[in-house]
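What follows is a set of notes on a single structure, which appears directly below.
In what follows, chains carry the letters A, B, and so on, assigned in the order in which the sequence lines appear, proteins first and then strands, with residues in each chain numbered from 1.
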There are 2 protein chains.
Amino acid sequence: MDYKQMEQSLKAVSDETRMLILKYLSKEALCICEFTELLDMSQPAISQHMRKLKQAGLICEEKRGRWTIWSLNEKHGLFEVLASLLALLPEPERTVESLIAEGKKVNCN
Amino acid sequence: MDYKQMEQSLKAVSDETRMLILKYLSKEALCICEFTELLDMSQPAISQHMRKLKQAGLICEEKRGRWTIWSLNEKHGLFEVLASLLALLPEPERTVESLIAEGKKVNCN
DNA sequence: TGCATACATAAGCGCTTGCTTATATAATGA
DNA sequence: TCATTATATAAGCAAGCGCTTATGTATGCA
């Protein structure tokens with residue numbers, strides 16, 4: 001891997017919001033509207049973070065109906081390192097389980 | 001490790017110049033004036049990169065005479081991850097050996 | 001004592017980042 | 001068909017980044 005590529009990938013990761021997004025995605029695929037709930041952030045803000053992660057090749061999108069489902073790209077050259085980084089981080093307070101309990105989890109299967 | 005701390009550490013790493021500095025330091029301790037030669041950069045620019053890496057706790061300084069000798073902080077929580085990241089990067093074109101050959105390597109022992 | 005060396009720090013400047021608000025697009029459903 | 005939903009995109013703006021030049025500080029040496 002060259003320096004520029006690693007720089008771009010690490011810059012994409014080194015943001016608290018995006019680290020949270022990646023932490024959630026390390027457990028399950030999610031869509032934008034779920035992140036706006038989980039992170040209590042505006043939809044454009046989340047969309048822009050997703051774009052940055054996608055440009056770095058760290059996540060994949062899959063359009064399904066109105067939703068775009070995002071997941072970690074396991075084929076990224078830094079996937080293993082990323083996984084060990086995410087493992088060092090605590091579980092976020094707001095969980096996907098609590099979303100389900102509140103009936104806010106989208107069912108896009 | 002909390003999110004803010006990892007964000008600060010990764011932000012410090014995710015810069016091409018600083019990745020090069022860390023790559024050199026993964027082999028041996030060096031001082032500022034050697035980096036100005038190795039990276040062909042101004043002294044203040046290097047000093048400011050060092051300050052950023054030090055604030056993130058990634059490197060240690062040791063004052064010896066007029067020189068400040070910098071080395072990797074092996075006790076940093078991300079040291080192992082950092083080492084595996086640096087291992088993925090190619091050797092820089094300009095080597096410390098070439099500095100020695102040109103008589104530009106400082107001997108501060 | 002005086003000058004050179006090694007380094008730190010500060011101000012300034014152009015560029016990037018991450019949010020906001022506003023708007024566009026595309027799919028779904030009554 | 002028309003409103004709703006999910007998402008993308010654009011413009012604008014404050015804050016941060018990385019360099020420059022200028023200057024301060026401490027050490028070593030003649």
Side-chain angles (χ1 to χ4, degrees), chain A residues 3-4 7-22 24-25 29-56 58-71 99 103-109, chain B residues 3-4 7-22 24-25 29-56 58-71 99 103-109:
Chain A
Y3 285 78
K4 270 293 165 204
E7 176 182 303
Q8 191 202 10
S9 299
L10 292 181
K11 272 192 158 72
V13 175
S14 57
D15 172 88
E16 184 169 8
T17 302
R18 291 193 291 271
M19 283 166 39
L20 274 164
I21 289 172
L22 294 168
Y24 282 115
L25 291 184
L30 292 165
C31 60
I32 306 279
C33 62
E34 289 166 332
F35 280 116
T36 64
E37 269 294 328
L38 288 167
L39 303 175
D40 191 27
M41 268 199 173
S42 75
Q43 175 266 315
I46 300 289
S47 265
Q48 286 161 29
H49 282 303
M50 291 318 209
R51 183 169 51 188
K52 193 137 212 172
L53 289 168
K54 183 191 168 192
Q55 282 171 347
L58 291 163
I59 57 176
C60 308
E61 63 182 329
E62 184 197 341
K63 304 265 184 190
R64 199 179 300 173
R66 317 182 239 191
W67 296 285
T68 307
I69 293 131
W70 297 88
S71 56
L99 272 197
K104 287 173 179 169
K105 173 82 172 68
V106 173
N107 197 349
C108 37
N109 297 323
Chain B
Y3 285 78
K4 269 294 164 202
E7 176 181 304
Q8 192 201 10
S9 299
L10 292 181
K11 272 192 158 73
V13 175
S14 56
D15 172 88
E16 184 169 9
T17 302
R18 290 193 293 271
M19 282 166 38
L20 273 164
I21 289 173
L22 293 168
Y24 281 115
L25 290 184
L30 292 165
C31 59
I32 304 279
C33 62
E34 288 166 333
F35 279 116
T36 63
E37 269 294 329
L38 287 168
L39 303 175
D40 191 28
M41 270 199 170
S42 75
Q43 175 265 315
I46 300 289
S47 266
Q48 287 161 29
H49 283 302
M50 291 316 207
R51 182 167 53 185
K52 195 135 210 172
L53 289 169
K54 184 191 167 192
Q55 282 171 346
L58 290 164
I59 58 175
C60 307
E61 61 181 330
E62 184 198 341
K63 303 265 184 191
R64 199 178 300 173
R66 317 181 239 192
W67 297 285
T68 307
I69 293 131
W70 298 88
S71 56
L99 272 197
K104 288 175 177 167
K105 172 84 174 67
V106 173
N107 196 349
C108 37
N109 298 324

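In this entry the distance linking CH2 of Trp70(B) with P of dC7(C) reads 10 Å, nearest Å. Taking atom CD on Glu16(A) and atom P on dT17(C), their separation rounds to 18 Å, with Å as the unit. Taking atom CD1 on Ile21(A) and atom C1' on dG18(C), their separation rounds to 12 Å, with Å as the unit. Computed from coordinates, the Glu62(B) CD to dC7(C) P distance equals 13 Å when rounded to whole Å. Atom CZ in Phe35(B) sits roughly 15 Å away from atom P in dA6(C) (whole-Å rounding).
The stretch residues 40-52 of chain B touches DNA chain C through Gln43(B), Pro44(B), Ser47(B), Gln48(B), Arg51(B), each having a heavy atom under 4.0 angstrom from the strand.
At most 12 heavy atoms of other shown residues, nucleotides or ligands fall within 6.0 angstrom of atom NZ in Lys54(B).
Here the straight-line distance linking atom SG of Cys33(B) with atom CG of Leu38(B) works out to 10.0 Å at 0.5 Å rounding.
When the side-chain hydrogen bond (donor to acceptor under 3.5 Å, both in side chains) test is applied to Thr17(B), no partner is found at least two apart in sequence or on another chain.
Here the range on DNA chain D touched by chain A, meaning any atom under 4.0 Å from one of its heavy atoms, is dT5(D) to dA10(D).
A close approach under 4.0 Å does not occur between any side-chain nitrogen or oxygen of Arg64(A) and OP1 or OP2 of dA27(C).
Sequence order on DNA chain C of the closest nucleotides to Lys11(B) and Cys33(B) puts Cys33(B) first from the 5' end.
Glu62(A) has a carboxylate O that lies under 4.0 Å from a charged side-chain N of Arg64(A), or vice versa, which qualifies the two as a salt bridge.
Side-chain contact between Ile21(B) and Trp70(B) is absent, with no heavy-atom pair separated by less than 4.5 Å.
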